[in-house]
Amino acid sequence: MSSNPVAETVASLMPRAKEELAELVAFQSVADFDQFPRSESEGAARWVADALAAEGFQDVALLDTPDGTQSVYGFLPGPEGAKTVLLYAHYDVQPPLDEAAWTTPPFELTERDGRWYGRGAADCKGGLIMHLLALRALKANGGVPVHVKVIAEGSEEMGTGGLERYAEEHPELLAADTIVIGDAGNFRVGLPTVTSTLRGMTMVRVQVDTLAGNLHSGQFGGAAPDALAALIRVLDSLRAEDGSTTVEGLSGDAGWEGLQYEEEQFRRDAKVLDGVELIGSGMVADRIWARPAVTVIGIDCPPVVGATPSVQASARALINLRVPPGVDAGAATKLLQAHLEAHTPWGARVNTEQIGEGQPFRADTTSPAYQAMASAMAVAYPGQEMQYAGQGGSIPLCNTLAALYPRAEILLIGLSEPEAQIHAVNESVSPEELERLSVAEALFLRTYAAS
């Protein structure tokens with residue numbers, strides 16, 4: 001990174017950033033209160049509120065959102081007549097999954113091989129630290145040249161829509177000229193990237209019932225309809241032979257124009273086992289950024305340990321469908337439900353229920369904010385030109401903000417590059433990326449203010 005006062009300030013703040021990230025990662029802030037204490041999420045929210053207050057933010061508030069979680073808001077006034085920029089991140093995290101599979105404890109920030117490991121280190125507690133670093137660097141070098149609003153969501157990973165509904169009920173609260181979503185990531189470490197599209201998503205629970213109760217497989221098996229076998233047939237119908245998603249009525253042949261993802265690089269990033277094929281057809285970027293993708297993320301059925309020789313009377317699954325830009329998530333949900341019902345065999349009773357939804361998103365990359373970000377990233381990443389990539393994941397708030405503030409420019413950056421392994425065991429963040437992106441965000445705010 002070329003020497004400049006902002007970069008030097010951020011570099012000097014990195015030890016403090018590590019300490020703060022460690023404090024924040026220590027909160028088990030999973031917004032599933034059947035599994036994790038509500039007090040952990042509330043503690044994380046208070047930490048964020050205290051951090052904003054310490055930086056001089058006004059109107060700092062813990063917002064009770066309709067889904068029973070809290071989002072944190074603060075306003076930092078800039079010069080009179082300045083533009084307003086909203087900085088977003090979320091403090092809630094995914095469950096750690098199998099804690100025994102983590103090399104080090106998931107809620108204890110640990111440095112190893114040049115990276116900092118811990119649940120939420122990249123997604124997205126690191127994003128909050130990035131925002132703080134950028135603002136501190138500007139304050140130390142002439143001041144923050146824009147009005148800044150910060151919103152830290154408390155339930156993004158659950159997809160329960162609390163902040164979206166709160167924003168719709170209080171449309172003036174998050175109004176801004178430009179919105180920086182700190183919940184994306186570079187295409188790879190060291191390659192500055194803005195995410196220009198997001199797939200949406202829908203979550204559907206499907207239950208199949210065939211019998212009044214489980215039956216002895218020796219006495220009844222062969223004629224009694226097995227609900228688990230029926231469910232397996234239903235789930236198998238969602239994929240073609242090559243693994244492509246096949247929801248009837250949902251197009252799956254769109255292409256991605258822009259940065260491409262080489263197949264061997266993807267295999268390394270995804271840690272695909274030797275000899276195992278990738279699924280789907282077309283370029284990798286087509287498959288993960290421009291087309292629908294269905295994933296069975298959970299099945300309720302008897303575990304292997306303790307199983308009895310029974311014909312199952314009931315079985316259910318939770319299905320996640322990623323919806324590409326240009327497709328309405330509500331319409332995709334109806335197609336998925338109709339597909340599930342149409343492919344349930346043997347006249348079995350089937351019930352489908354949607355439990356979460358987020359619309360896809362496409363940004364306007366020709367806007368002045370994108371030009372300002374390109375200039376800032378060129379300084380933070382010398383010799384590199386800013387790239388445009390898609391992201392297969394969903395950030396439902398993006399569409400809510402785009403609808404509420406149609407004139408606002410929305411940029412997506414962040415720390416979730418492939419090596420971060422977000423949502424998986426051993427999630428980590430690159431401190432170099434945290435440093436460079438904090439510099440980029442600070443320089444962006446300065447350049448954008450002058451544009």
Residues at least two apart in sequence or cross-chain that pass ring-ring contact (aromatic ring centres under 6.0 Å, His included) with Y117, listed by chain then number, are none

Just by modelled atom types, is the D123 backbone N or O under 3.5 Å from a matching donor or acceptor in the H423 side chain? no

With sequence neighbours left out, the residues meeting ring-ring contact (aromatic ring centres under 6.0 Å, His included) with F266 are Y261

CG of L278 to CD of E263, rounded to nearest 0.5 Å, is 4.5 Å

Are the side chain of T246 and the backbone of S237 linked by a donor-acceptor contact shorter than 3.5 Å? yes

On a heavy-atom basis, the closest approach of A389 and T193 is CB-CG2, 3.7 Å

**Asked** Is a side-chain N or O of R267 found less than 3.5 angstrom from the main chain of D274, in a donor-acceptor match?
**Response** no

- Taking the side chain from D92 and the backbone from E157, do they hold a donor-acceptor pair closer than 3.5 Å? yes

Inset, instruction - For R199 and P292, indicate whether the former's side chain and the latter's backbone hold a donor-acceptor pair under 3.5 Å. - result: no

N/O donor-acceptor pair under 3.5 Å between S29 side chain and Y91 backbone:
yes

**Asked** Does a side-chain N-to-carboxylate-O contact under 4.0 Å join R362 and E257?
**Response** no

Closest heavy-atom pair, A290 versus A254, reported as atoms and distance to 0.1 Å, is O-CB, 3.4 Å

The side-chain hydrogen bond (donor to acceptor under 3.5 Å, both in side chains) partners of K149 (sequence neighbours excluded) come to none

### Query
Are the side chains of H170 and L63 in touch, meaning some heavy atoms are under 4.5 Å apart?
no

Open item on the list: I'd like to know if the side chain of R287 and the backbone of G282 have a donor-acceptor N/O pair within less than 3.5 Å.
Closed with: yes

W256 meets the ring-ring contact (aromatic ring centres under 6.0 Å, His included) criterion, sequence neighbours left out, with W289

Expected output: side-chain T65 to main-chain Y166 donor-acceptor under 3.5 Å
no

Check: Within the side chain of R316, is there an N or O that forms a donor-acceptor pair under 3.5 Å with the backbone of Q207?
Finding: no

Tested for side chain to side chain donor-acceptor pair (under 3.5 Å) against S428, the lone hit among R115, E111, R112 is R115

- Query: What's the verdict on side chain to side chain contact (heavy atoms under 4.5 Å, CB included) for L411 and Y448, showing C-alpha distance, side-chain angles and the deciding distance?
  - Reply: CA-CA 12 Å; L411 299 96; Y448 178 65; over 6 Å; no

Let me have the donor-acceptor pairs involving side chains of residues 323-336, under 3.5 Å, with sequence neighbours excluded, atom names and distances please.
unit_1	atom_1	unit_2	atom_2	d
D328	OD1	Q359	NE2	3.0
D328	OD2	G330	N	3.0
D328	OD2	A331	N	2.8
T333	OG1	T202	OG1	2.7
T333	OG1	A329	O	2.8
T333	OG1	Q354	NE2	3.1

Residue set satisfying ring-ring contact (aromatic ring centres under 6.0 Å, His included) with F361, at least two apart, ordered chain then number -> none

